[in-house]
Number of protein chains: 2
Amino acid sequence: MAVALIRMPSQSEAPAHDRVYRGLRQLVMHGELMPGQALTLRGIGKQYGVSMTPAREALRRLTAEGALTLSASGRVTTPELSNDRIEELAQIRALMEPELASRALRRAHLALIDRMEAINDANARAIHRQDPVEYIRTNLEFHRTLYLRAQSPAMLGLLETVWLQLGPTMRTLYTRLRRTTAPPHHRLILEALRAGDDAALRLALRTDVTQGLRHLQG
Amino acid sequence: MAVALIRMPSQSEAPAHDRVYRGLRQLVMHGELMPGQALTLRGIGKQYGVSMTPAREALRRLTAEGALTLSASGRVTTPELSNDRIEELAQIRALMEPELASRALRRAHLALIDRMEAINDANARAIHRQDPVEYIRTNLEFHRTLYLRAQSPAMLGLLETVWLQLGPTMRTLYTRLRRTTAPPHHRLILEALRAGDDAALRLALRTDVTQGLRHLQG
DNA sequence: CCATGACAAATGTGATCACAAATGCAGATG
DNA sequence: CATCTGCATTTGTGATCACATTTGTCATGG
C-alpha cells in the first residue's frame, strides 16, 4: 500500500530512538512498570508513534543497561529479580553510594543541603499520599542531587544502571510494605552533611540503602 | 525492486547482531582498537557480512555500555578518555575489585589458584614478547577467573563495563611504557589467596589496579 | 600559505517488508 | 478434568531503501 510519508517538522530535534529510550527509561527507573511486564517492538512503536526500528534501538540500549531482560527468543520484559539478585544489587548500592556521598561532602554547601531538604519534604508527602512512583522519584532525586556534587560521572552512571535494574522491583516492594511514615535515614544524611562528618555520612547512606531493600525478605 | 533474498543457513545460530556485538566487544576490551577509532554502520556490516540493521544494534548496545562513544552527529568511535576520566575509572576498579576478590577468597580452592598461576605465566610471556593485546587479555582473564568465584554476577557485570571503557586506552598505555618485566602485584595476590589473608588480598588488588593505570600521568 | 566556499561522497536515521520462529488458543483426545 | 495437537496470530530479525545531514575534498580567493 505504501502510503505517502508524513513529513516531520524536520527541525533538528532529538532522534526518535532517543526519545523512546528516555521515555521508557523513566518508566522503568520510577517503577511505573511491573516486574515481568512484556514490551513488544510494534507496541512500543505504536505508543511513541514511530516504526519498529527506533523502538528496537531503544530496547536494545535498555537491555544493555540491565533495565530490561531479554528472553532466549528475543522477547523483552522488565526484570523479575530473585532475592539473591536484589540482595546483590543492594550491596552494590551500599558500596558505591557512601563513596559518592563522601566525595560530595566537601563540595556540599548550604544551598545544596536546602535543596535536598526540599526534595525530602516532597518525598515525605509522597509517602503520606501513598504514591509509590512519586516516592521512588523523589527518593532517587534526593540521592542524585547529592551525588552530582561528587564530580564522578562514571561512578554515577554505573549507579544509575543499578537503580534502573531495581526500578520495577522497587515499585512492588514499596507498594507491598505500605509505609506510612518516612524512614529516618534521610534526616541522618542531612545532619551528617551539615556537620561535615564523613564517617556518619557513610554510615547513614549504607543503612538507608540496605534498610530500604532488606525489608522484603519473606 | 526487491531482489530475491539470499537464503542463510537458517540454522538456529546466535542472531547476527549478537555475533557482531561479541566480535566488537572483544576488539574493544582487549585493546585491539585505538582510541578515537571511528566505526561506521556500513563498514561494520561489510566486515561481518551483515546489513546495517544488526550492525546498528551492536553499536547501540556497545555505546550503552560505554565501550564506544557517540558524537553529537551520531558517529561512533572508541572513547578517547581524559586523564580525569581514566583516574575515575581506576578508582572505580579500586573500589570494586578488592570487594570481589574478598568475596571470592573463601571459595578460592587450590585448583583455582593453580589456574590463575598458569594464566599469570601466560601474562608474563606476553610481557616478554611485547604483545600488548595478549597482555591485556591474560591480565583481564587473571582477574576475572578470581572474581567469578565471588558469585556476584551483577557486580562483575558492572566491572566488565569499566574494563570495556578502558580497553582502547589500556592499549596505548601499555604500548607506551614498554614494560619488559612483570609487575609484582599478581604474585602478591596469589600469596594472599594461599594464605587466606583478606586484608592483604584487598591491598594487593588495590595497588595492582591503581598502579597499572597511574603510570600514564604525563 | 591559509582560509573559504561549493560540491561529491559518506553516514546515520527511520520506515517498510519478507520471513521464520515463538506464542496463544481452540478443539480434540485420553 | 487435564493434556496434547494443530493452526492462526504475534513477534523478533535482518535486508533494503529514501532522505537529510555531515564530512571530506578541491579549487578559488585573500
Side-chain angles (χ1 to χ4, degrees), chain A residues 1-25 33 36-65 67-80, chain B residues 1-25 33 36-65 67-80:
Chain A
M1 26 194 310
V3 178
L5 302 183
I6 301 171
R7 195 88 336 272
M8 273 304 168
S10 161
Q11 288 285 91
S12 72
E13 321 162 356
H17 65 85
D18 204 60
R19 278 178 23 230
V20 177
Y21 165 77
R22 270 198 271 269
L24 290 177
R25 179 188 149 101
L33 267 42
Q37 174 81 240
L39 302 178
T40 66
L41 294 180
R42 290 169 179 83
I44 299 297
K46 189 163 294 186
Q47 277 191 27
Y48 287 85
V50 299
S51 78
M52 293 169 55
T53 311
R56 204 192 312 198
E57 296 183 69
L59 292 187
R60 195 66 72 190
R61 201 169 154 192
L62 286 164
T63 55
E65 296 180 276
L68 298 173
T69 301
L70 198 63
S71 86
S73 68
R75 248 80 172 186
V76 172
T77 61
T78 55
E80 297 182 279
Chain B
M1 38 185 310
V3 177
L5 302 182
I6 301 172
R7 194 93 330 279
M8 272 303 167
S10 159
Q11 288 285 92
S12 73
E13 321 161 356
H17 65 84
D18 204 59
R19 279 178 20 232
V20 177
Y21 166 77
R22 270 199 272 271
L24 289 177
R25 180 187 148 100
L33 266 43
Q37 175 80 241
L39 301 178
T40 67
L41 293 180
R42 290 168 178 83
I44 299 297
K46 188 162 293 184
Q47 276 191 27
Y48 287 85
V50 298
S51 79
M52 290 169 56
T53 310
R56 205 192 314 198
E57 296 185 69
L59 291 188
R60 196 66 71 190
R61 202 170 154 191
L62 286 164
T63 55
E65 297 180 280
L68 297 173
T69 301
L70 198 63
S71 85
S73 68
R75 248 78 172 189
V76 171
T77 60
T78 54
E80 298 182 279

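Letters A, B, ... mirror the listed sequences (proteins, then strands); counts begin at 1.
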J.: For the helix from C:dC1-D:dG30 to C:dG30-D:dC1, what angle separates the axis at the start from the axis at the finish, each from five pairs, in steps of 10°?
T.: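 The end-segment axes of the helix from C:dC1-D:dG30 to C:dG30-D:dC1 are tilted 30° relative to each other.
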J.: Going from OG1 on A:T77 to CG on A:L59, what distance comes out if it is rounded to the nearest 0.5 angstrom?
T.: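 Taking OG1 in A:T77 and CG in A:L59, the distance rounds to 11.0 Å.
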J.: Taking the nucleotide of DNA chain C with the closest heavy atom to each, which residue, B:L59 or A:P54, is nearer the 5' end?
T.: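 The residue whose closest nucleotide sits nearer the 5' end is B:L59.
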J.: Would you mind reading off the distance between B:L68 atom CG and C:dT11 atom P, rounded to a whole angstrom?
T.: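 Value for this atom pair: 16 Å.
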J.: Using whole Å, what does the distance between atom C1' of nucleotide D:dG12 and atom CD of A:E57 come to?
T.: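 Result: 15 Å.
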J.: Could you pull out all residues at least two apart from B:S51 that satisfy side-chain contact (heavy atoms from CB on, under 4.5 Å)?
T.: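 Expected list: B:T53, B:P54.
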J.: Looking at A:T53, does any N or O in its side chain come under 4.0 Å of the phosphate oxygens OP1/OP2 on C:dG14?
T.: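 A:T53 to C:dG14 OP1/OP2: no side-chain N or O under 4.0 Å.
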J.: In this structure, how many angstroms lie between the C1' atom of C:dT11 and the NZ atom of B:K46, rounded?
T.: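 These atoms are roughly 13 Å apart.
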J.: Starting at OH of B:Y21 and ending at P of D:dG14, how long is that distance when rounded to a whole Å?
T.: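 Atom OH in B:Y21 sits about 16 Å away from atom P in D:dG14.
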J.: Under 4.0 Å, heavy atom to any atom of DNA chain D: which of residues 37-45 of chain B qualify?
T.: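 Those residues: none at all.
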J.: Considering just the side-chain nitrogens and oxygens of A:S73, establish if one lies under 4.0 Å of OP1 or OP2 belonging to C:dT23.
T.: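 For C:dT23, OP1 or OP2 has a side-chain N or O of A:S73 closer than 4.0 Å.
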J.: Between B:T69 (side chain) and B:T78 (backbone), is there a donor-acceptor pair under 3.5 Å?
T.: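 Such a contact is absent between B:T69 side chain and B:T78 backbone.
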J.: Out of curiosity, B:Q47 CD to B:T40 OG1, how far, rounded to the nearest 0.5 Å?
T.: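 Output value for this atom pair is 8.5 Å.
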J.: Nearest-nucleotide wise, let me know which of A:M52 and A:R75 is further upstream toward the 5' end of DNA chain C.
T.: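 Result: A:M52.
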J.: Between atom OG1 of A:T63 and atom CD of A:E65, what is the distance when rounded to the nearest 0.5 Å?
T.: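 Taking OG1 in A:T63 and CD in A:E65, the distance rounds to 9.0 Å.
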J.: Please enumerate all residues that pass side-chain hydrogen bond (donor to acceptor under 3.5 Å, both in side chains) together with A:R60, with sequence neighbours excluded.
T.: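 If we apply the side-chain hydrogen bond (donor to acceptor under 3.5 Å, both in side chains) test to A:R60, skipping adjacent residues, the hits are B:H17, B:E57.
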J.: Please list, chain by chain and in numerical order, all residues satisfying salt bridge (charged side-chain N to carboxylate O under 4.0 Å, His left out) with B:R22, sequence neighbours excluded.
T.: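 Salt bridge (charged side-chain N to carboxylate O under 4.0 Å, His left out) list for B:R22, sorted by chain: B:D18.
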J.: Under 4.0 Å between a side-chain N/O of A:R60 and OP1 or OP2 of D:dT13, yes or no?
T.: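 Checking A:R60 against D:dT13: at least one side-chain N or O falls below 4.0 Å of OP1 or OP2.
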J.: Could you work out, with salt bridge (charged side-chain N to carboxylate O under 4.0 Å, His left out) as the rule, every residue matching B:R42, not counting sequence neighbours?
T.: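 B:R42: no salt bridge (charged side-chain N to carboxylate O under 4.0 Å, His left out) contacts found.
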J.: Does a distance-only test, which skips hydrogens and angles, find a donor-acceptor pair under 3.5 Å between the side chain of B:R56 and the base of C:dG14?
T.: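 Indeed, a donor on one side and an acceptor on the other fall under 3.5 Å apart.
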J.: Find the distance between CD1 (B:I44) and CG (B:L24) and round it off to the nearest 0.5 Å.
T.: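 Rounded to the nearest 0.5 Å, the CD1-CG separation comes to 4.5 Å.
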